[in-house]
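All remarks here apply to the structure that follows.
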Amino acid sequence: MIINKEVMRNHNERSVLQAIINNGPISRNEISKLLGLNKMSVSDIVGTFIDRKLVNSLGEDKSTGTSGRKPELVEFNASYGYVINFSLSGHELEMLATKLDGRALEHSIQTINNQSISEIALMMEEQIDQLPKFDSVNGLVAISVAIFGVVYEGEIITSPFVDYDDFDLVGFFHDKYAVPVILENEANLSAIFEQDFSKQELQNIVSVSIHEGIGAGIILNTQLYTGNYGQAGEIGQIIIQDASRKKRRLTALPNFDSEWSQTKIIKKAGALKKNKTYSLVDLVADYNRGDAVIADLIENFCYHLAIVTADLIAAYDPQMIFFNSPLIEQIPEVLKNIQMKLTFMPLVPPLVMSKDVNLATLLGGASMAIHKALDMQGVRLIFHH
């Protein structure tokens, strides 16, 4: 078998960088032992990284009690560059700039009021250009955009909230900033966040995102699963059959999105309370006061969400299911309720809240952008949270 030396060198470089990012500060000797590479190769690669300012030398490891020359420690230079990540929903444009270890640099939220996608793109450009000059070696190295809708091979297929009207969002930002631009479904990015911002080895997980719409990000064997055309996890499109109604055409039946998204639940609650300005804050307050009408609404929501959760368990058998939802975060009894409803199933994985309901999607985008910028796609990197 002939092994291409350049391919082997690239593989070794990626392995050494992965070891430094995930385990640093670390010495060359520790990297050599961890990867089974000879010390000369590791030392040469680390030296190249230091020259490129991709890795910083921290000097001798003074914590070791051994006599003689102490090993030099190195760590990943998180300021090698930075990434900018957007989340574009029906009413908000959110931005998060991060270092290359996932640590936040700047965060902002702007309201969207029926602007066209070209106008929104200009808003995004303005947000980028107004950022302070961060201390970094290479400046901006990648951009990610979270889309509420179906994304296939970097193209937006459908979105219920924004009319993208054949606007080339990737081309727009690539032409402006000459960096990789990533488009991905927001629920998929929330699943990537749960995996990559955890030291726990999560190989098969589902992240259920409930906001203006409902979606599920699916990780199978550590890789994001999007299906044949990017539609995997579109659980908001699951049809709800009401047994009390007569048989109707499938197109006439409601789906999970139209009945049980967070936006729809708040709207239903407002109608029940005869309050047109009813909000999530009002709903949580009424629920905590024991309001019977709101309690019944939440119970109905739990019933339908339990059905969907059971379907996800049957389809993917995940080791854990995360829930990314401000409503559930503020009414945590929802998860206990669902867990109780699923006791008929022989094996139910832990149902847990997202580690960060507010920033999960943006940080998942940061992970994808960082992997792309470092040419580390498919490599397990552990980021800070």
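Excluded from the calculations below are hydrogen atoms, water molecules and symmetry mates; all remaining heavy atoms, backbone and side chain alike, are included.
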Would you say the side-chain atoms of [X] pair up with the backbone N or O of [Y], donor to acceptor, closer than 3.5 Å?
{"X": "Asp163", "Y": "Asp165", "value": "yes"}
{"X": "Lys355", "Y": "Glu194", "value": "yes"}
{"X": "Asn288", "Y": "Val284", "value": "yes"}
{"X": "Lys273", "Y": "Val293", "value": "no"}
{"X": "Gln319", "Y": "Asn204", "value": "yes"}
{"X": "Gln18", "Y": "Arg380", "value": "yes"}
{"X": "Glu30", "Y": "Ser27", "value": "yes"}
{"X": "Gln262", "Y": "Leu327", "value": "yes"}
{"X": "Ser258", "Y": "Asn255", "value": "yes"}
{"X": "Asn23", "Y": "Ala19", "value": "yes"}

Tabulate below the donor-acceptor pairs under 3.5 Å that side-chain atoms of residues 73-86 make, not counting sequence neighbours, or state none.
| unit_1 | atom_1 | unit_2 | atom_2 | d |
| --- | --- | --- | --- | --- |
| Asn77 | OD1 | Ser79 | N | 3.1 |
| Asn77 | ND2 | Lys53 | O | 2.8 |
| Asn85 | OD1 | Ser144 | OG | 2.8 |
| Asn85 | OD1 | Ala366 | N | 3.2 |
| Asn85 | ND2 | Leu96 | O | 3.0 |

Measure the spacing between [atom1] of [X] and [atom2] of [Y] and express it to the nearest 0.5 Å.
{"X": "Ile265", "Y": "Leu297", "atom1": "CD1", "atom2": "CG", "answer": "6.5 Å"}
{"X": "Asn12", "Y": "Leu17", "atom1": "CG", "atom2": "CG", "answer": "12.5 Å"}
{"X": "Asp257", "Y": "Ile240", "atom1": "CG", "atom2": "CD1", "answer": "9.5 Å"}
{"X": "Ile109", "Y": "Met95", "atom1": "CD1", "atom2": "CE", "answer": "10.5 Å"}
{"X": "Ile238", "Y": "His304", "atom1": "CD1", "atom2": "NE2", "answer": "11.5 Å"}

Apply side chain to side chain donor-acceptor pair (under 3.5 Å) to [X] and list each qualifying residue two or more places apart in sequence or on a separate chain.
{"X": "Glu119", "answer": "Ser116"}
{"X": "Lys341", "answer": "Glu299, Asn337"}
{"X": "Ser89", "answer": "Glu212"}
{"X": "Asn275", "answer": "Thr277"}

For [X], what are the other residues in its hydrophobic cluster, where any two members join if their side-chain heavy atoms are less than 4.5 angstrom apart?
{"X": "Ile182", "value": "Leu189, Ile192, Leu202, Ile205, Ile219, Leu224, Met320, Phe322, Val352, Met368"}
{"X": "Tyr303", "value": "Ile307"}
{"X": "Met40", "value": "none"}

Modelled atom types, side-chain donor and acceptor of [X] and [Y], under 3.5 Å:
{"X": "Glu94", "Y": "Ser108", "value": "no"}
{"X": "Ser367", "Y": "Asp196", "value": "yes"}
{"X": "Asn113", "Y": "His91", "value": "no"}
{"X": "Asn185", "Y": "Tyr152", "value": "no"}
{"X": "Gln110", "Y": "Gln127", "value": "yes"}

Set of side chain to side chain contact (heavy atoms under 4.5 Å, CB included) partners for Asn10, sequence neighbours left out:
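Here the qualifying residues are Glu6, Glu13.
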Pair Thr361-Ser87, side chain to side chain donor-acceptor pair (under 3.5 Å): steps then yes or no:
CA-CA 7 Å; Thr361 294; Ser87 176; 5.4 Å; no
Looking only at heavy atoms, what is the nearest atom pair of [X] and [Y], with distance?
{"X": "Val206", "Y": "Ala216", "answer": "CG1-CB, 4.0 Å"}
{"X": "Leu347", "Y": "Ile313", "answer": "O-CG2, 3.9 Å"}
{"X": "Leu351", "Y": "Ile338", "answer": "CD1-CG2, 3.8 Å"}

More than 12 foreign heavy atoms under 6.0 Å from CG of Asp51: is that the case here?
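Counting other residues, nucleotides and ligands, CG of Asp51 exceeds 12 neighbours.
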Would the number of heavy atoms belonging to other residues, nucleotides or ligands and lying under 6.0 Å from NE2 of His384 be above 12?
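Count over threshold, so yes.
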For [X], enumerate each residue passing the ring-ring contact (aromatic ring centres under 6.0 Å, His included) test, keeping only those at least two apart in sequence or located in another chain.
{"X": "Tyr225", "answer": "none"}
{"X": "Phe383", "answer": "Phe197, His371"}
{"X": "Phe148", "answer": "none"}

Can you hop from Leu220 to Phe193 via hydrophobic side chains spaced under 4.5 Å?
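The answer is no; the residues belong to distinct hydrophobic clusters.
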When clusters are formed by joining ILVMFWY residues with side-chain heavy atoms under 4.5 Å apart, either directly or through shared neighbours, do Phe134 and Leu54 land in the same one?
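Phe134 and Leu54: separate clusters.
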Can you check side chain to side chain donor-acceptor pair (under 3.5 Å) on Thr111 and Glu92, steps first, answer last?
CA-CA 5 Å; Thr111 301; Glu92 280 184 349; 5.8 Å; no
In sequence, state the C-alpha distance, the side-chain angles, and the governing distance for Asn38 and Ser41, and then conclude on side chain to side chain donor-acceptor pair (under 3.5 Å).
CA-CA 6 Å; Asn38 70 68; Ser41 295; 3.1 Å; yes
Run the salt-bridge test on Lys176 and Glu125 with the 4.0 Å N-O cut-off and return the result as yes or no.
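Between Glu125 and Lys176 there is a salt bridge, with a charged N closer than 4.0 Å to a carboxylate O.
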Is a salt bridge present between Arg9 and Asp44, judged by a nitrogen-to-oxygen distance below 4.0 Å?
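Salt bridge between Arg9 and Asp44, a charged N being under 4.0 Å from a carboxylate O: yes.
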As a quick check of understanding, evaluate salt bridge (Lys or Arg N to Asp or Glu O under 4.0 Å) for Arg103 and Asp101, giving each step before the final call.
CA-CA 6 Å; Arg103 296 181 196 267; Asp101 62 357; 2.9 Å; yes
